[in-house]
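What follows is a single structure, written as structure tokens, with notes after it.
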Number of protein chains: 4
Amino acid sequence: MPNLMARRKTLVDSMMRDAIYQGAVAVLAEHGLSGATMDRVAAAAGVAKGSLYNYFRSKDELLTFVHEKTIQPLIEANEAIAASDHSVAEKIEAMTRGWYRYVCEHRATFQILVANMNVEGVLREASIRSQKASIDVIAGIIQQGVESGEFRPLNAKYVAETLLAAAKGGLEAEFLEGSQRSEDETTETLVAVFLHGLCAN
Amino acid sequence: MPNLMARRKTLVDSMMRDAIYQGAVAVLAEHGLSGATMDRVAAAAGVAKGSLYNYFRSKDELLTFVHEKTIQPLIEANEAIAASDHSVAEKIEAMTRGWYRYVCEHRATFQILVANMNVEGVLREASIRSQKASIDVIAGIIQQGVESGEFRPLNAKYVAETLLAAAKGGLEAEFLEGSQRSEDETTETLVAVFLHGLCAN
Amino acid sequence: MPNLMARRKTLVDSMMRDAIYQGAVAVLAEHGLSGATMDRVAAAAGVAKGSLYNYFRSKDELLTFVHEKTIQPLIEANEAIAASDHSVAEKIEAMTRGWYRYVCEHRATFQILVANMNVEGVLREASIRSQKASIDVIAGIIQQGVESGEFRPLNAKYVAETLLAAAKGGLEAEFLEGSQRSEDETTETLVAVFLHGLCAN
Amino acid sequence: MPNLMARRKTLVDSMMRDAIYQGAVAVLAEHGLSGATMDRVAAAAGVAKGSLYNYFRSKDELLTFVHEKTIQPLIEANEAIAASDHSVAEKIEAMTRGWYRYVCEHRATFQILVANMNVEGVLREASIRSQKASIDVIAGIIQQGVESGEFRPLNAKYVAETLLAAAKGGLEAEFLEGSQRSEDETTETLVAVFLHGLCAN
DNA sequence: GATGAATGAGTTTTCATTCAT
DNA sequence: GATGAATGAAAACTCATTCAT
């Protein structure tokens with residue numbers, strides 16, 4: 001049954017890519033992007049260097065894979081929230097909280113990945129793509145709020161960019177500080193500012 | 001008078017460092033961070049490669065110098081605004097607008113510098129330091145607003161991080177897009193959100 | 001009857017080697033000698049890479065096989081002509097014409113093989129062997145002419161080397177030029193020069 | 001006097017290129033083209049690997065340099081002979097003899113270079129260029145003979161290709177054999193064949 | 001102090017060969 | 001016998017840093 005063999009091959013392939021992914025994440029966490037050599041990735045993944053090239057055509061492809069595999073769940077969560085039937089304010093809060101949780105759970109990877117997202121080179125393009133996708137979804141929610149009258153008539157795209165950057169900035173600051181912050185205070189502060197602003201009245 | 005000679009030496013030193021700075025900025029703008037080799041910097045600065053090492057102990061030190069020299073005016077402007085006697089809301093707006101202007105004027109350099117600010121390696125530490133300084137100043141303003149009752153009682157530091165990141169994110173998005181945005185709409189949107197929030201009421 | 005099984009085995013073996021030969025020729029024609037990887041040969045031959053090593057001990061052995069199998073018919077044709085009862089002048093012409101025809105028919109392979117014949121490495125030895133064999137045959141014909149008085153008393157071996165190289169050179173030039181030349185003019189020119197020389201008298 | 005310094009620099013540069021040339025020739029003679037790694041060339045030239053790249057942009061450029069530097073004198077000698085006022089038959093003989101002498105004097109280099117001239121890769125183009133140049137000069141002489149009536153009306157280009165290849169073939173055979181042949185018999189045989197042909201009458 | 005040639009460790013990528021299944 | 005994933009030894013090229021002049 002060739003079908004079965006093909007499936008097995010696909011499965012094994014996927015497991016190897018995963019193993020390499022794990023190795024790459026470990027190396028990124030320990031040595032940073034510029035310290036992530038193929039030698040180290042291979043060693044961390046427990047395979048020979050040449051084997052990396054059986055699963056990824058180049059270092060670039062490998063890094064892109066790592067990026068996408070890490071970021072994908074976040075994008076999907078955003079889309080799910082956008083498609084839900086909560087109020088726009090609730091969507092903003094849910095998204096923000098979702099980001100915080102997911103990123104904190106994958107702290108090690110994100111610490112590197114977020115930090116290097118805008119670096120030149122391969123990751124840049126992958127990063128720009130995913131960033132644009134996220135901003136579109138967020139801007140959609142904001143625009144929805146603007147149109148329903150719930151939100152003031154501001155440029156939805158600018159606000160979306162701003163919100164995403166603010167969230168990333170908060171997480172980065174937390175990472176830098178080293179200490180773990182309270183999920184509630186962090187997200188509530190961000191949401192409070194974006195929904196109601198700093199001003200008191 | 002050895003004093004005079006020492007002063008002259010210091011002056012010449014400083015001029016050389018400036019020339020090298022100019023060269024480095026030009027190279028960064030043209031070739032990006034990863035394309036900024038010492039060879040190119042020396043050529044652009046019009047000095048021999050070996051001379052770079054008479055003024056900077058290493059490439060890292062040189063890049064740190066570039067970073068600080070570029071970012072310094074921003075920090076000083078922040079401090080001036082913080083020390084002024086405008087209302088906190090006005091201070092927020094003035095700062096935001098100041099960032100936008102300065103960064104746009106030095107677009108080429110910032111496009112590289114901002115984009116690579118958080119990369120691991122040399123720039124990281126310089127970047128963290130300057131970021132912390134900025135956040136302290138901004139947080140000071142916000143705290144002032146909180147204490148005066150103008151602002152709601154939110155965690156000033158978190159908000160400051162968030163505001164700075166949001167501003168950077170907006171500028172980055174503009175750089176990425178390639179087109180120049182209107183200073184007014186950009187800053188007004190950001191300020192509007194941070195002062196009054198998205199919600200309509 | 002083990003005899004039968006042995007014969008079958010030999011037959012199957014020979015068919016596999018042929019299939020691999022076909023694949024190798026295709027790869028050589030498409031990718032050249034340096035692009036002829038075992039991966040590509042295996043793919044072109046429709047077998048697994050590992051199987052190549054069941055029929056050839058090494059890449060070198062495989063390439064040698066390709067060379068010999070390609071060149072063999074030429075050598076045999078030379079021998080047939082040498083053994084025929086034409087005049088020596090006719091033999092020279094027949095051989096020359098035979099080379100031209102055969103090589104042009106297998107243009108793709110020869111373009112690679114001839115071009116790389118003298119390269120160091122594997123092919124070198126195979127090439128030298130076959131070249132020596134050819135030269136012996138040609139020199140035999142010339143010597144025959146010398147002894148019969150038809151040819152002037154020149155060093156038969158030197159002339160044979162010279163004639164073979166001249167023919168190869170002409171074909172190479174034709175390959176380089178890209179255009180197909182007339183079989184008649186090409187061979188007649190070569191034969192005319194070798195038999196009667198450039199001088200008009 | 002900057003002129004002087006520039007001249008010195010050019011001189012030193014040229015000496016380094018020569019030293020590297022020597023190293024490359026030694027490596028080619030010992031290990032052949034495919035064994036000529038940059039590591040080995042550097043070692044043979046007594047410099048660090050990186051230094052090679054201060055004088056040649058790439059391995060290809062280096063190899064091309066080796067080729068041209070080796071072949072150039074031959075081309076110039078050909079041109080000088082072509083421009084002389086000897087009879088065409090004398091020119092043919094002088095050229096042939098000149099090739100033999102020069103090549104035998106630089107035996108080690110040519111053994112590799114000639115053998116690899118038509119290999120794919122960098123040398124191919126350099127080789128084709130120089131070969132075309134030579135053939136043009138030779139064909140010019142032959143055409144001159146045809147027009148003056150001294151030579152029979154044969155295709156000058158074909159004959160030129162043929163003559164050059166024949167000479168190369170003879171030298172190659174000599175190299176292969178290992179023993180040194182008599183310059184007189186070798187060149188006289190070749191010239192005799194090309195001028196008067198094999199046939200006796 | 002200025003110069004820039006020399007250095008060599010470090011990086012990515014390729015590919016013949018092996019061997020467990 | 002067939003398979004093809006795993007291997008790891010090379011190889012070309014880069015560039016921060018040093019140091020003799």
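Everything quoted here is computed from the prediction, not taken from an experiment. A, B, ... follow the sequence lines: proteins, then strands. Residue 1 opens every chain.
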[X] has an atom [atom1]; how far is it from atom [atom2] of [N], in whole Å?
| X | N | atom1 | atom2 | value |
| --- | --- | --- | --- | --- |
| D/Asp13 | E/dA5 | CG | P | 7 Å |
| A/Leu62 | E/dT11 | CG | C1' | 15 Å |
| B/Tyr55 | F/dT18 | OH | C1' | 17 Å |

Test of understanding: with salt bridge (Lys or Arg N to Asp or Glu O under 4.0 Å), list the residues that count as partners of B/Arg129, not counting sequence neighbours.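 B/Glu68.
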
Hey, what do you get for [atom1] ([X]) to [atom2] ([Y]), rounding to the nearest 0.5 Å?
| X | Y | atom1 | atom2 | result |
| --- | --- | --- | --- | --- |
| B/Leu176 | A/Ile128 | CG | CD1 | 4.5 Å |
| C/Leu28 | C/Phe110 | CG | CZ | 12.0 Å |
| C/Ser14 | C/Arg17 | OG | CZ | 8.0 Å |
| A/Glu125 | A/Thr64 | CD | OG1 | 8.0 Å |

Look at the rings of D/Tyr21 and D/Phe65 and say which category their plane angle falls in: under 30° parallel, 30 to 60° tilted, over 60° perpendicular.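 The arrangement is perpendicular - the two ring planes meet at more than 60°.
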
Show each protein N/O and nucleotides 13-17 of chain F N/O combination with a separation under 3.5 Å, one pair to a line.
| unit_1 | atom_1 | unit_2 | atom_2 | d |
| --- | --- | --- | --- | --- |
| F/dC13 | OP2 | D/Tyr53 | OH | 3.1 |
| F/dC13 | OP2 | D/Lys59 | N | 3.0 |
| F/dC13 | N4 | D/Lys49 | NZ | 2.4 |
| F/dA16 | OP1 | B/Lys59 | NZ | 2.7 |
| F/dA16 | OP2 | B/Met38 | N | 2.8 |
| F/dT17 | OP2 | B/Tyr53 | OH | 3.2 |
| F/dT17 | OP2 | B/Lys59 | N | 3.0 |
| F/dT17 | O4 | B/Lys49 | NZ | 2.8 |

Mapping B/Val47 and D/Leu52 onto DNA chain E by nearest heavy atom, which one lands closer to the 5' end?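 The answer here is B/Val47.
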
So what does B/Phe56 touch, heavy atoms closer than 4.0 Å: a base, only the sugar-phosphate, or nothing?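 Nothing, no heavy atom under 4.0 Å.
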
Where does DNA chain F pair, written as one dot-bracket string 5' to 3', with Watson-Crick or G-U pairs under 3.5 Å, ( ) inside the strand, [ ] for crossing pairs and | for another strand? .||||||||||||||||||||

For A/Gly46 and for C/Ala48, find the nucleotide of DNA chain F with the closest heavy atom, then tell me which residue's nucleotide is more 5'.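 Counting from the 5' end, the first nearest nucleotide belongs to C/Ala48.
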
Can you find a pair of side-chain heavy atoms, one from A/Val41 and one from A/Lys59, that are under 4.5 Å apart?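 SC-SC contact between A/Val41 and A/Lys59 ruled out.
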
May I ask you to test the C/Val25-C/Lys69 pair for a side-chain heavy-atom distance under 4.5 Å?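 The answer is no; the side chains never approach within 4.5 Å.
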
